[in-house]
Each structure stands twice: as structure tokens, then as C-alpha cells.
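Before any comments, here is the structure.
Below, all heavy atoms of this structure are taken into account, side chains as well, without hydrogens, waters or symmetry copies. Just so we're on the same page: letters track the sequence lines, and every chain starts at 1.
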Number of protein chains: 2
Amino acid sequence: MNSKQSLTPLDNISLTDRVENNLRAYFLENAFKPGDSLPGENEIAEKLNVSRNVVREALSRLRMLGIIESRTRRGMIMARPDILGGLERVLNPFILGKDTLKDIFEMRLILEIGMAEFLFLRKTDKDIEELEVIIKNQSSIHEPTIEEEIEFHTKLYDMTGNETFTRFQVLLIPLFNHVFSLYKKNNKVHQSNHIYHKDLVNILKSGTVEDFRLAMKKHLAPYFKITD
Amino acid sequence: MNSKQSLTPLDNISLTDRVENNLRAYFLENAFKPGDSLPGENEIAEKLNVSRNVVREALSRLRMLGIIESRTRRGMIMARPDILGGLERVLNPFILGKDTLKDIFEMRLILEIGMAEFLFLRKTDKDIEELEVIIKNQSSIHEPTIEEEIEFHTKLYDMTGNETFTRFQVLLIPLFNHVFSLYKKNNKVHQSNHIYHKDLVNILKSGTVEDFRLAMKKHLAPYFKITD
DNA sequence: ATTGTAATTTTGTACTACAAATCAATATTG
DNA sequence: CAATATTGATTTGTAGTACAAAATTACAAT
């Protein structure tokens, strides 16, 4: 037997925590769908034998996540949550761990490589034209600014037609840049034989999915280099 | 001018919402880090000129996300949130929209293709051995069960050494299976020229990143077919 | 110097009260 | 009769009080 195990901190779980878990399980088990009406605060408090206060603190959490909505006198109804709402609220680089930030940094690279499939599946001539407008507006003299990088890459995500995917990436951008700027402070970023945005567009026009992934990998080489 | 715009619902934003936003902005602006101690509930209520009740409902949300922790008499301190905690709580297939579920389904495919880079970068002989044990335990007679699929693919995610990435995928699995099982009800899933887990392992042993991505794409072909 | 004890502070929970919103039912008016 | 106005009741949102539990601090005792 492991004596360290037996000294694990006792779960200091509050009534509010338990009510929250209880309610989420209740919603799932009963297969409640958006629009379904829910019992009132008083009824819940009575049924669970806790104060209305505790119930409201739990409901407040679910309201924040968009799982429920409530209006005066109308009672509460199930709602359709934004799947990324909870994520958005914790994206504060000062409180996330270094490991998590590194993980997020890598995830963005994985997404950029993996998206090629859907990019080629769904790209349209109009998309290509828009990409060309974007790179035309970006001076070829200097390195693209962060804003120009974001504009180009976000357009690529857009082209996959996957809104959640696009929004996910947009949320990760600030953390990604945070990690990269920390790195740049201490390291010289060197890129030879670089692939530029215009090269990526050319491959989108006349290359293959595999060509694109290889090119994207080269384009992202400075970032991949960090992950060692 | 667009008259529909002017009929947008008035923001029915509660005091609790405003206090929550206020606090998160406060934390970010002051670059609070995990462990930093925070003002007490009474002080916040007084400063913001709202009842302690409202403050507690807002704090309850932040506690759920793991942004803060509080213990009796000890006051509140900043904490290190689980970046996926908020996501986890809304992963209820009954309340997420069809579009979102489809997006999630596609995102998993993107991750599987995109992960190859880090898989090859970090795989070890021990990992390969473990993969071979997994496929050896899986009968080659029948199609892999969902559990067997999960076991194999989760091991692949593990091998990238990216814990957030692995956890993210584990969270998506139930939704992914939900979407796929809905599809299977109405459609015959046919797979010829299929790539099996053992083929993927062989490529991991002696192939290239590009070989692996192409193989994985074939392995996932039945799923890609859905996304049309 | 360590242990025990009491005072105090802060969060957790409960309860009451009331304003605002709105639903339901009834009354009023054209 | 139909449409509108009024009234009453109900439910959420906010405020405030009260007290238990926990833990910090200070002090007392051995």
C-alpha cells in the first residue's frame, strides 16, 4: 500500500460544486435539448435541500457557459452553448502553465499541417482571389508583420468552411504569439530557403495536398524549431 | 442603414456578468499569477458597489474555471486553470448544434493527420513496442471495436508528448462517435483497400512522415467520406 | 520551545425581502 | 364578440442579515 496516496488532500468540494455536477448530469441523463424548460430555482433548491443561494451560484456557472438561459418570470430554459466560451475565458498567458502554453503552441502547428486536406477539398476560385489580394497588400520588402501573418492564415482557416476550427485558431493566436515572442527575446530567428505566403498560394492553385503540407512545414520551420 | 440591425436584442447583461468580466479584466491587466492573493469578497462587493451575493455568483464562475481558489479565512488566491475544463462541461451532444458537432468531427480528422510531424519527432522504441502489444491483443478477425480504436489512437496522441493535445482528443471522442453512429444508422460504411492499425505501426517503424500521413488518411477514409 | 487555547477574520450556507419583468386571468371598451 | 387595458401572481435578480466552519493570529501554559 502506498502511504503517500492516503495523504491525498480530502476533496474540499462545496455544495455549489455538487449542485453544479448534479444539474449537468441531470440535463444529460434526461437528454434535455435547447428550448426545453427547466424547474425554477426554488424548486431545485427544495428538491436538493439546499439554499436558493447555492443553487443560484451553480446556475450562474451554467449560465456563463451558455448551457441555460433565464429571464424574469419566464423561468429557465436549456440553451445552445458556445463550445469555445469556457476556453476563451481562461486564455490568460499569465495564469496558464508553461507546459500548457507549449502544448498550445504545438497544437497550432498540428492544425496548420492537418488542415490541408479540407483546404483542398473546399477551396474555391474566389478564395484564391481573396488570398492574392491579401498578399498583394502585404509589402514584399519586409517580413510580414504579425497582423499580416494572422490575416493570411486566418483566411486559410476560413477556407476550410469549419467555423469552430477557425474560431479555435483565432483564440490560440495570442498565446502562440506570446510564446514566440518570449522565444525571440533569447534566440536569433533565422530562416533560409524560406517559403512565403505567395508560394503557398501558388501551390494551392496548382499543387497537391502533399505539396502544400510540405511547403507549410517549411513556412512554419522557425516555429517548429522552437519545439525541440 | 440596416433596419434589422437596429432591432437587435438589447443586451440583457446582469450585474453578475459585469462583475465577472470586470474581475477577469482586472486579473489580466494586473498580470496576476497563480498564488497571488486577491481581495476578499466583502472588499470587492464594496468597491464595485454591489451585494456580496452578486460578487459570489461571479466568483463561483471563476472558481469553476479554476482561475481562482478560495479557502475559509485564507482568502482567495489566483490559481492555474485547466485550459480544457470549460470545454469539458459543455460537451453534451444533445445541446450542441449540428454544425458544431460536424466541425468537431472534422477537427479530429485534422488532428490525426497533423500529428504525424510530432509523432515521428518523438516516438521511441518503447512506444512502438507498446503499440505492437495493443494491436496484438486486438483480434484481427473482426473490425476493431470502438474501445480498441480508442486505445490505439489515444496511444498515438500520447506519443506526441503533448498532454493538452491528448486530453483534447479524448474529450472529442464521445462526440466523434456520436456523429459517426448517427451516420451509420442511415448509411452503409464500406471500406475496401483498407489500412489497418498494424500497417500504421509498420510505417512508424520504417516509413516517413509523409507515408504515415497518406496511410492515416486512408485509414480514416470512412470518416472523411462523411464530411461531404 | 513546543503545545494548547481563545479571539478574530473570511468563506460557505441559509434565509428574508423586495424590485423588475412578465405571464395569466379578468375587466373594459369599441 | 374581439381587442385592449388592468390587475394579480409568479419567477428571476439584487440586497442584506445572520451564523457556522475553518483557519490565522496572538497569547498563555507547560
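Mapping A/N53 and A/T72 onto DNA chain D by nearest heavy atom places A/T72 closer to the 5' end of the strand.
Within the structure, every side-chain polar atom (N or O) of B/R74 is placed at least 4.0 Å from both OP1 and OP2 of D/dA22. The phosphate of C/dT22 has neither OP1 nor OP2 within less than 4.0 Å of any side-chain N or O from A/R71. For B/R63 and C/dG12, the shortest distance from a side-chain N or O to OP1 or OP2 is below 4.0 Å. At D/dG13, none of the side-chain N or O atoms of B/T16 fall inside 4.0 Å of OP1 or OP2 (strictly under the cut-off). Contact annotation: B/S51 reaches the phosphate of D/dA15 (side-chain N/O to OP1 or OP2, under 4.0 Å).
Taking only side-chain atoms of A/E41, from C-beta outward, the nucleotide of C/dT13, D/dT14, D/dG13 with the closest atom is D/dG13. For B/R52, the listed nucleotide lying nearest its side chain is C/dT13; candidates were D/dT14, C/dT13, C/dA24. Listed nucleotides C/dT22, D/dT12, D/dA15 differ in distance to B/L15; the shortest reach to its side chain belongs to D/dA15. Listed candidates were C/dT13, C/dC23, C/dT9. Nearest to the side chain of A/E57 is C/dT13.
Side-chain atoms of A/N92 come within 3.5 Å of backbone N or O of A/F94 as a donor-acceptor pair.
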Could you go through residues 175-185 of chain A and list every donor-acceptor pair under 3.5 Å that involves a side-chain atom there, pairing it with any protein atom two or more places apart or in another chain?
residue : atom : partner : partner atom : Å
A/S181  : OG   : A/N177  : O            : 3.2
A/S181  : OG   : A/H178  : O            : 3.0

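Within the 6.0 Å centre-distance limit, the rings of A/Y157 and A/F165 are counted as a close aromatic pair.
Taking atom CZ of B/R73 as the reference point, atom P of D/dA23 lies 11 Å away to the nearest angstrom. The distance from atom CG of B/N42 to atom P of C/dG12 is 12 Å, rounded to the nearest whole Å. We find that CD1 of B/I77 is positioned 13 Å from P of D/dA23, with the value rounded to whole Å.
By the 4.5 Å heavy-atom criterion applied to side chains, A/F27 and B/I95 are not counted as neighbours.
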